Participant: 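Before I ask anything, here is the structure I am working with.
Note that this is a predicted model, so its numbers are computed, not measured. Letters A, B, ... are given to chains in the order of the sequence lines, protein chains preceding strands, and every chain is numbered from 1.
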Number of protein chains: 2
Amino acid sequence: MEGAITKKERDCIIALHDNFSLPVRLFNIAEMLDIKAPTAHELVNRLISKGILQKNNGVISLTDYGGKIYGDIITAHRTMEIIFTESGVNSDEACSEIEKIDYLMDKKSIEKLLVNIGSPEKCPHGKPVKP
Amino acid sequence: MEGAITKKERDCIIALHDNFSLPVRLFNIAEMLDIKAPTAHELVNRLISKGILQKNNGVISLTDYGGKIYGDIITAHRTMEIIFTESGVNSDEACSEIEKIDYLMDKKSIEKLLVNIGSPEKCPHGKPVKP
DNA sequence: TATATATTTTAGCATACTACTAATATTATG
DNA sequence: CATAATATTAGTAGTATGCTAAAATATATA
């Protein structure tokens, strides 16, 4: 039950980790998620209060806990991506559909699905299943 | 894009179809979903305005469109249930985890997953994949 | 039929999430 | 310091979820 996250929170976590190498500030997040600064401000505050993000001198980053959540989402995402594409779903189509569910999936079940498909190390896009 | 539904709306659709053979009234829905009558009232009204439910003399039922949505959710649910259990996830565990995502899944992708696992007719509980 | 019971609906309120504009504060940079 | 860039606060709004209390409608039963 810990703390369920929402789709927008999920998108924020992923964007924060993936779309930038340089320090990420509030306005970067607003830009990445295509929302206005005050909306991003509230989203980020919510994630900070959930212990997922932290802010140092305006630079926003994932906490250790946030990093684990990121990893779980990505593992779920890529595991499902492999399962979808092996069934003949186009990989871009798979990606956009799986975005809707990856953050809601059970970690333990994903682990079993992953073992069952042979514990592959990479997804159809060549990215690591376990980042 | 048609009209996305929420988890509670999903639960209402499923409960309406599955938990009753007799005519279902508002108070039955409130009971089934463990919510108070006014909350159920609003939920049902929302589903009526989305064209999913209809009311005749206080008896609430799925519209044709609602029936199709029900079928899509069930097909997604049972398809995923088979995939989960074949990977070693306990079937009750699978069921409760899949409830969180079945109503969000893409119909076309589910169809491909289903074909890929051999188009089985029944889920682990013995219920039809295509109701 | 009249009263009692059951059921539905309305009204009012609350919280979480998402989103906006406009204004104000803060922090950099020139 | 002044301007530009960022961040924050305040105020508003809509959707979804939930509640209680009260009012309205049905449906039973005496």
Participant: Rounding to an integer number of Å, can you tell me how far B/N56 CG sits from D/dA26 P?
Facilitator: 15 Å
Participant: Inspect the contact between B/E93 and A/K108 and indicate whether a charged nitrogen and a carboxylate oxygen are less than 4.0 angstrom apart.
Facilitator: no
Participant: Does D/dT8 have OP1 or OP2 sitting under 4.0 Å from an N or O in the side chain of A/H41?
Facilitator: yes
Participant: Just how far, in rounded Å, is C1' of D/dA5 from CG of A/N28?
Facilitator: 12 Å
Participant: B/K55 has a side chain; which of C/dA19, D/dT9, C/dT9 sits nearest to it?
Facilitator: C/dT9
Participant: By nearest atom, which of the nucleotides D/dG18, D/dA7, D/dT20 is closest to the B/P38 side chain?
Facilitator: D/dT20
Participant: When you match A/A37 and B/K7 each to their closest nucleotide on DNA chain D, which lands nearer the 5' end?
Facilitator: A/A37
Participant: Grab the CD1-C1' distance between B/I35 and D/dT20 for me, whole Å please.
Facilitator: 15 Å
Participant: Taking the side chain from A/R78 and the backbone from A/K130, do they hold a donor-acceptor pair closer than 3.5 Å?
Facilitator: no
Participant: Do A/R10 and A/D102 sit within salt-bridge range, that is, some charged N less than 4.0 Å from a carboxylate O?
Facilitator: yes
Participant: Judged by each residue's nearest nucleotide on DNA chain D, which is more toward the 5′ side, B/R25 or B/E42?
Facilitator: B/E42
Participant: Using whole Å, report how far CG of B/L43 lies from P of D/dA16.
Facilitator: 10 Å
Participant: Starting at CG of B/N45 and ending at C1' of C/dT10, how long is that distance when rounded to a whole Å?
Facilitator: 11 Å
Participant: Charged N to carboxylate O below 4.0 Å: is that the case for B/E81 and B/K122?
Facilitator: no
Participant: Strictly below 4.0 Å, N to O, side chains only: are B/D72 and B/K68 in salt-bridge contact?
Facilitator: no
Participant: Nearest of C/dT9, C/dC20, D/dT20 to any side-chain atom of B/K36?
Facilitator: D/dT20
Participant: Rounded to the nearest angstrom, tell me the gap between atom NZ in B/K8 and atom C1' in D/dC19.
Facilitator: 13 Å
Participant: So, is B/T39 close to the D/dC19 phosphate, meaning a side-chain N or O under 4.0 Å from OP1 or OP2?
Facilitator: yes
Participant: Using a cut-off of strictly less than 4.0 Å, decide whether A/K50 has a side-chain nitrogen or oxygen near OP1 or OP2 of C/dC17.
Facilitator: yes
Participant: Can you measure B/E31 atom CD to C/dT8 atom C1' for me and round it to whole angstrom units?
Facilitator: 15 Å
Participant: How close or far is atom P of C/dA28 from atom CZ of A/F27, stated in whole angstroms?
Facilitator: 13 Å
